[in-house]
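Notes for the one structure printed next.
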Amino acid sequence: METAKFYTLPQLPYRYDELQPYVSQEQLTLHHQKHHQAYVNSANAILERLDKARKEGADFDVKATLKELSFHIGGHLLHSLFWTNIAPPGKGGGKPTGTLGTALEKEFGSFERFKKEFSLAATSVEGSGWAALSFCRQTNRPIIMQIEKHNTNVYPMFTILMVIDVWEHAYYLDYKNERAKFVDAFWNIVNWGEVNKRLEKILK
Ligand code: MN
């Protein structure tokens, strides 16, 4: 099978104005078309540089290049997960049900307790980063993680189920410095159906 050799910006599964009032059209458009696109472009530029260096037998700064590459690939992959674990109000929000609802209740005692811990994880990330709900297949436990910049603390046995982007570029136009307000708003647009689907896929 012929596969793509470079990254591409995924289309959003909703219009730019559909996450309002929780995320404005301007905020979402910039975030997707400028910020996410920049990670895609930068990752591809590094891959092209690697291709060229290998073809020419030229040396490059391996440590610096790999660090830069992981930053941009991480940015691309996390944004791709983020866009699909949110959905327009009405379709998103509410409470998780099914396998996910059961797994969260078993781990955290209640959905409210999970929501509180996840919100605290998101609001307390230092600088730029993410909060992620991941799932460890060795222990079958959902685990909340903080991600600094785009460097995931995700190991081979972990799968990310849900993320929230808490870089300032994700919310500053709408919420200024009030990250906690953006995190509150996030709960109205979580796409639980998609998060549940990600969990069921790895439990199969
Ligand atoms: Mn972002």
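One-based numbering, in listed order, for ligands and for the atoms of each.
- Interatomic distance, OG of S110 versus NZ of K116, reported as 9.5 Å (0.5 Å rounding).
- Taking Ile, Leu, Val, Met, Phe, Trp and Tyr as hydrophobic and joining them when side-chain heavy atoms fall under 4.5 Å apart, one finds L120 isolated, its cluster having no other members.
- Checked for salt-bridge contact, E126 and K149 miss the test: no charged N lies under 4.0 Å from a carboxylate O.
- For E107, the side-chain hydrogen bond (donor to acceptor under 3.5 Å, both in side chains) partners are R141, not counting sequence neighbours.
- Take K91 and apply the side chain to side chain contact (heavy atoms under 4.5 Å, CB included) test, not counting sequence neighbours, and it matches A87.
- Protein N/O/S atoms found under 2.8 Å from the Mn ion (ligand 1): H31 NE2, H79 NE2, D165 OD2, H169 NE2.
- With rounding to the nearest 0.5 angstrom, the CG atom of D17 is 5.0 Å from the CD atom of Q25.
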